[in-house]
**Q** 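Structure in structure tokens, see below.
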Amino acid sequence: METDQHKISRTIEQLSTYESFKFACHQNHDEQPMPSIEVLEKIVSLNRSILFPGYFGPSIKNAKTIRSHIACAVEQLNVLLTDQILAGLLFNRNEDDEEGRKNLFDKAQSLAAEYISRLPKIREQLLTDVDSTFNGDPAATSHSEIIFCYPAIRAVTNYRIAHELLLLGVPFIPRIITEMAHSETGIDIHPGAKIGNYFTIDHGTGVVIGATAVIGNNVRLYQGVTLGAKSFPLDEDGNPIKGIPRHPIIEDNVIIYSNATILGRITIGEGAVIGGNIWVTEDVAKGARIVQKK
């Protein structure tokens, strides 16, 4: 009869064979930093405290303390974000020579500074999202309630941060940031999606927005909406072709009600209304109203 120690030893051998871990193990090269979930959570918190001062981070008493708080938070953000961008740039590559590492560090510093320069634009976009949510939700008592409480604003904030980093060419980090919000809110927005201003997600749980989705201005989604891909074209070797547009285009002023599923590279025309619990796999004309048949 196999003893407990033999059983444990046999398991260690099984887990240590190359075939068992070749896709599950990441081999980190000496002194190369790894992206850190804990640090990225701090980075997102710093972003929130900069974008919505007083709601997140230390309390704010007047304009002078706002400037002091933002200056301190931006300095911290710059240091932490530079390190995490560097970790993303080094991930899956072996940069042994000191000059190569120095060049990547300089690049990470430059990318962090460029991202920080975009924070005013991100705030402007988010304030349109807050305003649209307030105007479209009769249960909302104030803009403050939406900023402080609504999970959709939390998810969209993560998305807008991650999207700008992705536009700058930062690897890995954007996806981690949006998946944080996905885990926390149940709202799954790929950082590659393009989303206009005055964007509203009502309730939000179960919303999925794919990587190549394009969403115009003043669009409202309800819980459970999927903007997904209908099929995955394969190359000559039978592998999925990546990077091609495969998710819907949602034009301005569209409303999509709960649990609707919009699939493929189709266009939902400006001002259209898509009812709940239906599948849409073909273009929808401007101003059309698509609902379940009685």
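Computed from a predicted structure; not experimentally measured.
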**Q** Between CD of Gln109 and CG of Asp106, what distance do you get to the nearest 0.5 Å?
**A** 6.0 Å

**Q** Quick one: salt bridge (charged side-chain N to carboxylate O under 4.0 Å, His left out) partners of Arg246, sequence neighbours excluded?
**A** none

**Q** From Ile173 CD1 over to Leu81 CG, what is the distance, rounded to the nearest 0.5 angstrom?
**A** 8.5 Å

**Q** Could you pull out all residues at least two apart from Thr157 that satisfy side chain to side chain donor-acceptor pair (under 3.5 Å)?
**A** none

**Q** For Ile177 and Phe172: C-alpha separation, side-chain torsions, deciding distance, then whether side-chain contact (heavy atoms from CB on, under 4.5 Å) applies.
**A** CA-CA 9 Å; Ile177 289 174; Phe172 291 101; over 6 Å; no

**Q** Taking only residues two or more places apart in sequence, or in another chain, which ones meet Phe52 in a ring-ring contact (aromatic ring centres under 6.0 Å, His included)?
**A** none

**Q** Please table the atom pairs, donor to acceptor, closer than 3.5 Å between any side-chain atom in residues 161-168 and protein atoms at least two apart or in another chain.
**A**
residue, atom, partner, partner atom, Å
His163, ND1, Pro191, O, 2.7
His163, ND1, Ala193, O, 3.2
Glu164, OE1, Arg118, NH1, 3.0
Glu164, OE1, Lys121, NZ, 3.4
Glu164, OE2, Lys121, NZ, 2.8

**Q** Any side-chain heavy-atom pair from Gln84 and Ser36 closer than 4.5 angstrom?
**A** yes

**Q** Using the test side chain to side chain donor-acceptor pair (under 3.5 Å), find all partners of Asn197 that sit at least two apart in sequence or belong to another chain.
**A** none

**Q** With no hydrogens and no angle check, do the side chains of Ser132 and Thr200 hold a donor and an acceptor under 3.5 Å apart?
**A** yes

**Q** Quick one: does Arg265's side chain get under 4.5 Å of Thr212's, heavy atoms only?
**A** yes

**Q** Evaluate the criterion side chain to side chain donor-acceptor pair (under 3.5 Å) for residue pair Asn218 and Asp252; output intermediate values, then yes/no.
**A** CA-CA 6 Å; Asn218 197 33; Asp252 296 348; over 6 Å; no

**Q** Within this structure, what is the CZ-OG1 distance for the pair Arg123 and Thr128, rounded to the nearest 0.5 Å?
**A** 13.5 Å

**Q** Which is it for Ile268 and Glu251 under the side-chain contact (heavy atoms from CB on, under 4.5 Å) test, yes or no, and what are the steps along the way?
**A** CA-CA 6 Å; Ile268 308 299; Glu251 295 187 343; over 6 Å; no

**Q** State whether the side chain of Asp137 and the backbone N or O of Thr133 hold a donor-acceptor pair below 3.5 Å, judged by distance alone.
**A** no

**Q** Would a 4.5 Å heavy-atom cut-off, applied to side chains only, mark Leu126 and Leu51 as touching?
**A** yes

**Q** Who are the side chain to side chain donor-acceptor pair (under 3.5 Å) partners of Thr3, not counting sequence neighbours?
**A** His6

**Q** Using atom types as modelled and distance alone, determine if a side-chain donor or acceptor of Thr226 lies under 3.5 Å from a backbone N or O of Gly228.
**A** no

**Q** Mind running side-chain contact (heavy atoms from CB on, under 4.5 Å) on Ser45 and Phe56 for me, showing each step along the way?
**A** CA-CA 8 Å; Ser45 294; Phe56 307 100; over 6 Å; no

**Q** Between Ile50 and Leu119, does a side-chain contact (heavy atoms from CB on, under 4.5 Å) hold up when you go through it step by step?
**A** CA-CA 8 Å; Ile50 294 165; Leu119 284 170; 4.2 Å; yes

**Q** Donor-acceptor pairs under 3.5 angstrom involving side-chain atoms of residues 280-291: please list them, not counting sequence neighbours.
**A**
residue, atom, partner, partner atom, Å
Asp283, OD1, Thr267, N, 2.8

**Q** Which pairs count as ring-ring contact (aromatic ring centres under 6.0 Å, His included) when at least one residue sits in residues 184-227, sequence neighbours excluded?
**A** Tyr222-Tyr257

**Q** So that I can tick it off, tell me whether Glu179 and Arg175 are bridged by a salt bridge, with the cut-off set at under 4.0 angstrom between side-chain N and carboxylate O.
**A** yes

**Q** Can you get from Ile189 to Val44 by hopping between Ile, Leu, Val, Met, Phe, Trp and Tyr side chains that sit under 4.5 Å apart?
**A** yes

**Q** Which residues pass the ring-ring contact (aromatic ring centres under 6.0 Å, His included) test with Phe105, not counting sequence neighbours?
**A** none

**Q** State the CD1-CD1 distance between Ile250 and Ile255, to the nearest 0.5 angstrom.
**A** 12.5 Å

**Q** When you check the side-chain N and O atoms of Asn47 and Arg160, is any donor under 3.5 Å from an acceptor?
**A** no

**Q** With side chains defined as the heavy atoms from C-beta onward, is the minimum distance between Ile187 and Thr205 less than 4.5 Å?
**A** no

**Q** Please go through Ile12's hydrophobic cluster and name the other residues, only I, L, V, M, F, W, Y counting, with side-chain heavy atoms under 4.5 Å joining them.
**A** Ile8

**Q** Run through the side-chain heavy atoms of Ile, Leu, Val, Met, Phe, Trp and Tyr, join any pair under 4.5 Å, and report what else lands in Ile241's cluster.
**A** Ile244

**Q** Can you tell me which residue among Ile147, Asp129, Ile146 is in a side-chain contact (heavy atoms from CB on, under 4.5 Å) with Phe134?
**A** Ile146

**Q** Run through the side-chain heavy atoms of Ile, Leu, Val, Met, Phe, Trp and Tyr, join any pair under 4.5 Å, and report what else lands in Trp279's cluster.
**A** Leu263

**Q** Under 3.5 Å, is there a donor-acceptor pair between the side chain of Asp237 and the main chain of Asn239?
**A** no

